[in-house]
Protein chains: 2
Amino acid sequence: MKQTPELISGDCSECPIRHRAVCSRCEPEELDELEQLKYYRTYKAGQTIAVRGDDLTTVSSVVTGTATLSRVMEDGRTQIVGLLLPSDFIGRPGRTHAQYDIQAISDVTLCCFRRAPFEQMVTRTPHVSERMLEMALDELDAARDWMLLLGRKTAREKVASFLLLIQKRSARPGGEELGEDLRLELPLTREVMATYLGLTIETVSRQLTALRKDGVIDVQGKKVIVIKDLIALMMESGDDDDGGILD
Amino acid sequence: MKQTPELISGDCSECPIRHRAVCSRCEPEELDELEQLKYYRTYKAGQTIAVRGDDLTTVSSVVTGTATLSRVMEDGRTQIVGLLLPSDFIGRPGRTHAQYDIQAISDVTLCCFRRAPFEQMVTRTPHVSERMLEMALDELDAARDWMLLLGRKTAREKVASFLLLIQKRSARPGGEELGEDLRLELPLTREVMATYLGLTIETVSRQLTALRKDGVIDVQGKKVIVIKDLIALMMESGDDDDGGILD
DNA sequence: GCGCCTGCTTGATCTGGGTCAAGGAGTGAA
DNA sequence: TTCACTCCTTGACCCAGATCAAGCAGGCGC
């Protein structure tokens, strides 16, 4: 069973460095040390946070909002290769340049640390690097699942998988009543979806229409999708049963 | 600049745990401790090492040979999501089931550790988990580059990228003379290539023929490919200039 | 109200790569 | 030498999804 770090009371909503990301097992003095290092930076929706090759003077962590990681080819073809959600990190030890383009797709707050002190802190507190390892491996698994999607799934399966991904992400942890969390507020335009799925915007639109006509989902305006038949959607996604972590 | 762990003399070719993977900064007694934990296991080319969902009672590391990680859909569609080369790990802390199918594509030797003592050892020696983090992040970068390939590249670009990947991997580190390392001994069948590239075997074959007709490569028998024009091949791959690590 | 702009949908057509099918080429056994 | 087997190549055809193009709908400023 995967270990779920506990939140640290009174401070949780403010900065993931203090809870979700690394700190479930920190001693109070370690927390204070972290506290003194950090500062915040905010970005508006649509703003570019970094482009590939940029100098990254900080290691940071998403506090609120969503950002995308993408790779762009010279002729403009673009693939989103990851979503950055609260508690995900930007920057890694020993690498001072951005490997990807990073863009805010909603308003984003980052919690930043200057590189050198952060790295020292990581070295001094072993469970921090263990926790970062765990996070990196989770991301690696997610990336590999996405490779299956990009390489082998049909457009319809891709769109269904995407909706399920968003559904899983937006389900509030803890007591989600079955048949309740099925109204998805998409924070993404069709364009972002297409760039994430390795499709064009037209194909995404067509597949959503097809799923609507088949009674699997309902599309309300541009941003809201209601899953009318979760089971059917799961069948459409091409994933086997559990779809989740095996441990 | 990325840190290159030094080899430990006299013992290097035997087990990556003792050098490349984790041990460049180990103290002698830590090495001895590792030494007592490990044992070896071998697999023939083509053999299955694990399938998704299997209990993994060990954490292991590739010593020699190459294996593939793949995800399979219920109807048989398969995507290779990673290559395991010497020093890569199988299994991760805190996860006791295989997330992927693992197959030997050449004869493979693994260096194995029982889970519990390995995890304790990782906890006790902080630079081991730092090193594992570094490796995981490298794999994550590779996976994301592959996502761009799967999502956006044409068949020709995919095949060209693949040849360059093999070329880079098989170039002996240190003094490779330019224009020398261009004879590739492919350890892979067309089928494995196709499964890795998100293509069919026929398309791979056609693209290789096309690249041959255009004078970019030469195909000698089934297993040997000679790169006649590396620059042209790099242009064909769709990657920008350096293609390498930015730091 | 009106125009404008951005994001979405839908239709018509095209095409890259998949599918199906028929050989070739190397290898190894008898 | 022949057969059998596996892997690879090539051709003919097809189709899912890209491309090109024409609206549509909602929001926002004036």
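Note on naming: letters A, B, ... go to the chains in the order of the sequence lines (proteins, then strands), and numbering restarts at 1 for each one.
Side-chain atoms of A:Arg212 stay outside donor-acceptor range of the base of C:dT10, with no qualifying N/O pair under 3.5 Å. With hydrogens and angles ignored, no donor-acceptor pair under 3.5 angstrom links the side chain of B:Arg156 to the base of C:dG17. Contact annotation: side chain of B:Glu202 to base of C:dC20, donor-acceptor pair present below 3.5 Å. For A:Arg190 against C:dT10, a side-chain-to-base donor-acceptor contact under 3.5 Å is absent.
Residue B:Thr189 is classed as a sugar-phosphate contact, given heavy-atom separations below 4.0 Å to backbone atoms only.
Side-chain nitrogen and oxygen atoms of A:Thr203 include at least one within less than 4.0 Å of the OP1 or OP2 phosphate oxygen of D:dA18. Considering only side-chain N and O atoms, B:Thr200 lies under 4.0 angstrom from the phosphate OP1 or OP2 of C:dG18.
For the pair B:Met193 CE and D:dT9 C1', the computed distance is 13 Å after rounding to whole Å. Taking atom CZ of A:Arg77 as the reference point, atom C1' of D:dT19 lies 14 Å away to the nearest angstrom. Distance A:Arg206 CZ to D:dA18 P: 9 Å, rounded to the nearest Å. Rounded to an integer number of Å, the gap from CD1 of A:Ile201 to C1' of C:dG11 is 16 Å. Atoms CG (A:Leu211) and P (C:dT9) sit 12 Å apart, rounded to a whole Å. The interatomic distance linking A:Lys213 (NZ) with C:dT9 (P) rounds to 12 Å, in whole Å. Regarding A:Gln220, its CD atom lies at a distance of 17 Å from the P atom of D:dA25, rounded to whole Å. Per the geometry, CD belonging to B:Glu157 stands 14 Å off C1' belonging to C:dG17, to the nearest Å.
The side chain of B:Val219 lies closest to D:dT9 when the candidates are C:dG17, D:dT9, D:dG17. Of the candidate nucleotides C:dT9, D:dT9, C:dA12, C:dT9 has the atom nearest to the side chain of A:Thr209. Listed candidates were C:dA25, D:dA12, C:dT10. Nearest to the side chain of B:Lys222 is C:dA25.
For the 3.5 Å distance criterion, the side chains of A:Gln103 and A:Thr48 qualify, holding a donor opposite an acceptor. Defined by atom type and a distance below 3.5 Å, a donor-acceptor pair is present between the side-chain atoms of A:Asp55 and A:His97.
With a 4.5 Å cut-off on side-chain heavy atoms, B:Glu236 and B:Leu211 count as touching.
Checking A:Leu199 against B:Leu188, the closest nucleotide of DNA chain D that is more toward the 5' end is the one next to B:Leu188.
Contact check on B:Asp138 versus A:Arg95 returns a salt bridge, with a Lys/Arg side-chain nitrogen under 4.0 Å from an Asp/Glu carboxylate oxygen. Between B:Glu139 and A:Arg144 there is a salt bridge, since a side-chain N of the basic residue sits under 4.0 Å from a carboxylate O of the acidic one.
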